[in-house]
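Here's the structure, in structure tokens; my notes come after.
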Amino acid sequence: MRRTGVFVCHCGINIAGTVDVKKVAAELAKYPGVVYSEDYVYMCSDPGQNLIIQAIKEKKLDTIVVACCSPTLHETTFRNVAKIAGLNPYRCEIANIREQCSWVHREKDKATRKAISITRSIVEKVRRNESLEDVSVPVTKRALVIGGGIAGIQASLDIANAGYEVILVEKSPSIGGHMSQLSETFPTLDCSQCILTPKMVEVAKHPKVKLMTYSEVQEVSGFVGNFKVKILRKPTYVDADKCTLCDECTKVCPIVVPNEFDMGLTGRRAIYIPFPQAVPATYTIDEKACPGMFDTAIACGKCADVCKPGAINFDMKPEIIEVEVGAIIVATGYDLYDKSMMAEYGYGKYPDVLDGLQFERLLSASGPTRGKILRPSDKKEPKEVVFIQCVGSRDPELHWPYCSKICCMYTAKHAMLYKHHVPDGQAYIFYIDIRSGGKNYEEFVHRAVEEDGVLYLRGKVSKVFEDNGKLIVWGADTLTGKQIEIAADMVVLAMAIRPSKGTDELAKKLKIALDKDGFLAEAHPKLRPVESMTSGIFLAGAAQAPKDIPEAVGQASGAAAKAVAILSQERLFHSPTVARVLKNLCTGCGMCISVCPYEAISLKESKAEVNEILCEGCGTCSASCLRNAIQVKNLTPYHIQEMIKACLGG
Amino acid sequence: MVNLEQLKEEAKKILSSGKIKYLIGYENIGASWQVRPAFICRPEDVDRLVWTPACFHNLTRFIHDEKRKRAREKNPDLRPIGLIIKGCDSRSINVLLQEKYLERNEVYLIGVSCELAGVIDETKLRNHLGGLKPEKILFGEKDTIKVIVNNEEREIPAPQILAKRCLECPANYPVIADIILGEKIKRNPTDRYKSISQYEKMSGPERWAFWLEQFSRCLRCYACRSVCPMCYCDECVADSIAFAVTAETTAEEKAQKIRWVERNPEPSENIFFHLVRAIHLAGRCVDCGECERVCPVAIPLRLLNQKMEKEAKELFGYEVGFDASQPPLIACFRDNDPQDFIR
Amino acid sequence: MAEEFEPKIVAFLCKWCSSAGADLAGVSRMEYPPNIIPIQVMCSGSVSPLYIFSALSQGADGVLVSGCHPGDCHYMKGNYYARRRLALVKKLLEYIGLEPPRFQMSWVSATEGVKFTQLIKELVKELQPLGPQTKLRRNF
């Protein structure tokens, strides 16, 4: 019989308020095999930890159960305590009597009874645990950053500056992301391009950074410290080394398609450079647009004819490049919510109903109008502009329940910049609330109202329609209770922020979770905001939740620091709670092999064999085995059976 | 119709060639109509072989014994063993192949088609004959069965006395074999899952009353397990006594043996045992019906296995025993597997 | 008034979604009846039918298996195998006449503290009128 110690934490009143911790300790003291049982106000505090160490030594405990908060919080803490006291860390288990007991119940005696049951079942578990040593593997000292927006650029620079190699993968032809499309940034109104371009150049020139634009992650396998990634490099059909940026090719290309950089407000050729400051500075042939690539397999070849350096190469093929990395940062950013969902605001029907990014392009000195605010329909200066906030956000019935966070600020900026361009014009903003939490943000909104005379109207817009060359905006001012009708020249919609297209597929490849709205899920909403649930994969920027530039940059640096923490290790330790085969029960039927998500099992001499490095210990194999011949260490059917017994007994 | 002489001829041929270790077929018990498995080692013994509607046994079950024996022997005779197999038996071969328990070259398969007949149900026959004892039972023309009673030959339409499983059989000819005797005539069952339909219509409490009555009778003699072609585990998880202890078994392993089910033939334990059996046979049972036939207390075990067979087909489009290369039922999934039961 | 029957429910919660969802219910200070005893497993895919039969045999009035939503499994596919395997278990248990609420499966993600709370409340409500589970319970 084992000598088990039970340590019941009060967690102040967090547990003790609902659970009679003294009684739990007393009941457990009577439980067979428990030779020591104690309660303490904060087990995780230094005195609490010392109490455990003392007890282990004095009472010669060989297994311990700490009844406290969720194992996600303090399992590591207490396993370290066990280790300090000379026990194998796997001789320590956590009974979760806070999150799954004291915090969710109100009746003290019932909660106490439940806490006793939970703790007993964990006592049964721990006493069947084996002492295990971590499986260790060497670390590949290289990081992969997916997404070349500001978050990805920042993360890459931080890791590279720490001295580790970085592979930065961007799916479009240039890095820069949405930030490169912006005119000025709030609240300082400094030019977005001016602050971004130096970083783009720096990351591209950094000796430790390997930039892979026009590339996509295709397959990811492996685990923390040892990921294997297949990257698809799409052909640009232009040799960047030879291209001199003379721009002769675009003059002869006969194909015009909407320019995504200008959000469709202008056109571009099938051969194009996304924008003048693009990095890498080179042209790309859009194979979907170029008729030669897509339809007839015979390119018209005009671009190649005029290209003096001979940079155009129609024979370029997609390449799959396999890389090994130790850590991955996902910074795939956002897209705006599909405007076609907003029929009531006439987007798509009326050319002068724009989204926020289109308005950014109008404001931009390098944009379609060279920084003049002109209506797309007739190129006239709009005198009345209505901005509508929360389009698709904060609308749980029809669209998305969450707040897109950055729209309040950029709409204030838009209205302000509009006034700077058209001083005699009028800007109206329909809003639900103004959320301007952030350094100098509130002041910025005040400046829009006070200095630039922007008119804020609290309420929602019900409809936008065209009448006699004007966009009629129907809305309600909920502060005065009046119906409002504005005959506007232009309407700008602050569309909800959505995770960028393809985020879900990428998440599947990376085996990381999405939250209910489709953003990448962080491991803990408060304490692990830059980590995914999968060890070694970190999150940065708007792919995790809507955020503005400083937040995205901050999270990117955080993710980079986390990645560096892995890359700076010589070896990483892998949990030893992996599957084990009981050879004399195994018949070699191979069901476990079929179900293993990690291809960690193979047949050797007609018996299953587990690769401990690849095994993640999920146990799907064990449930599929008809003979219980494959079991996860320390959570075997035997453990479960005894746990069921304990939690139903008494 | 399967020609018995041709069957004997084929048996003789393969035995004379020395390519198989022995052949398992069927022989009469004395002069009676009853039939038992026959192990034929010499070509001259093939005359013992018979093929009648009383050849119930699924002989694939004997593969387990042979394999265990070989594992124990120092220099085992590794020639394949020959088997005479019906349609249902052939599907159990496929499942054994699917589970890599068997290699195809470990068996030589002489398939016999049941054509429009099959094997009889003894109770049905008894009732049909009104207490008279049959002397011989043979296949008749087309879908009849010839029964000789009091030296008098009677032609009985097969559906009247066939076993239910044969009337519900999805393929009454071998789907895998080295040679097949008889024609591949498919009897299309009007309702493949007819046996269970009346129980499915019952209310929950009615079903419980029915099953409790059935399971209460169980003696835990394990005949169902012994006769089952799928029960080849050395150690049965649902039986605390059948622990496989070998030289490598550690003390810790012994200590960790789980008694999921107690040996007492109490209803609770009987139910647990049969639940485990049913779930372990899901996607593996080919409905050869042997478990039910051998049960000394007549527990209708087919009703459990057929239920699982039906659910596998209806929920997951899974058919047992037709394709040895498909992954086992519970070792695969489809993205759109039904989940309306999940909250 | 007689005291309401308090069913005992064994809940197999996967570590990454459902147990985390249950933790979130706690962090958010939601309230649900204390009738469930959680057993954390790594993945719903690791729950063997034996565990369910065993819990019922040992006197559980209800058994819940909860995992990640399809597509969200931390181990990618475990919940799909669980879904198929446990669908069969559910059909089988109902076929022998066990009341359907006695065995349940759910998808609860790490963000669905509210759903978890609601689920447990509903489960208890459904099990209360059924009284103690005696059909599969070992009574010796």
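Letters A, B, ... are given to chains in the order of the sequence lines, protein chains preceding strands, and every chain is numbered from 1. These figures come from a predicted structure and were not determined experimentally.
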With a 4.5 angstrom heavy-atom cut-off, could you sort out which part of [X] is near chain C: side chain, backbone, both or neither?
| X | answer |
| --- | --- |
| B:Asp340 | neither |
| B:Ile196 | both |
| B:Pro338 | backbone |
| B:Asp335 | both |
| B:Leu275 | both |
| B:Ala331 | backbone |
| B:Trp211 | side chain |

Legend entry - Intermediate values then yes/no, side-chain contact (heavy atoms from CB on, under 4.5 Å), C:Leu50 and B:Phe272: CA-CA 9 Å; C:Leu50 282 164; B:Phe272 199 149; 4.1 Å; yes
Legend entry - Charged N-O contact under 4.0 Å between B:Glu269 and C:Arg138: yes
Inset, instruction - In plain terms, say whether B:Arg343 and C:Glu126 are close enough for a salt bridge, that is, a side-chain N and a carboxylate O under 4.0 Å apart. - result: yes
Legend entry - Test log, rule side-chain contact (heavy atoms from CB on, under 4.5 Å), inputs B:Ile342 and C:Gln104: CA-CA 7 Å; B:Ile342 302 175; C:Gln104 307 258 12; over 6 Å; no
Among [options], which residue has the highest count of heavy-atom pairs closer than 4.5 Å to chain B?
| options | answer |
| --- | --- |
| C:Leu86, C:Leu88, C:Leu98, C:Asn139 | C:Leu88 |
| C:Pro49, C:Pro100, C:Ser106, C:Gly71 | C:Ser106 |
| C:Ser66, C:Gly67, C:Ala87, C:Ser57 | C:Ala87 |

Legend entry - Residue selection (most heavy-atom pairs with chain C, distance under 4.5 Å) from B:Leu315, B:Leu329, B:Leu212: B:Leu329
Inset, instruction - Please name the pair of heavy atoms, one in B:Ile330 and one in C:Tyr81, separated by the smallest distance, quoted to 0.1 Å. - result: O-CD2, 3.8 Å
Inset, instruction - Answer yes or no: is there a side-chain heavy-atom contact under 4.5 Å between C:Phe53 and B:Ile279? - result: yes
Inset, instruction - Measure the shortest side-chain to side-chain distance between C:Lys91 and B:Phe341 over non-hydrogen atoms and say whether it is less than 4.5 angstrom. - result: no
Inset, instruction - To the nearest 0.5 Å, tell me how far C:Lys135 NZ sits from B:Phe215 CZ. - result: 13.5 Å
Legend entry - Gap between atom CD of B:Glu200 and atom CD of C:Glu94 - 0.5 Å precision: 11.5 Å
Identify which part of [X] has an atom lying under 4.5 Å from any heavy atom of chain B, answering side chain, backbone, both or neither.
| X | answer |
| --- | --- |
| C:Lys90 | side chain |
| C:Tyr95 | both |
| C:Leu93 | side chain |

Legend entry - Flag if over 12 foreign heavy atoms under 6.0 Å of NZ, B:Lys67: yes
Inset, instruction - Could you please state which residues from residues 294-306 of chain B sit under 4.5 angstrom from chain C, measuring non-hydrogen atom to non-hydrogen atom, sorted by number, or 'none'? - result: B:Leu303, B:Leu304
Legend entry - Cation-pi geometry met for C:Arg84 and B:Phe316 (6.0 Å, 45°): yes
Legend entry - Geometric class of the C:Tyr80/B:Phe333 ring pair [parallel <30°, tilted 30-60°, perpendicular >60°]: parallel
Legend entry - Residue pair C:Trp107 / B:Gln339, side-chain donor-acceptor N/O under 3.5 Å: yes
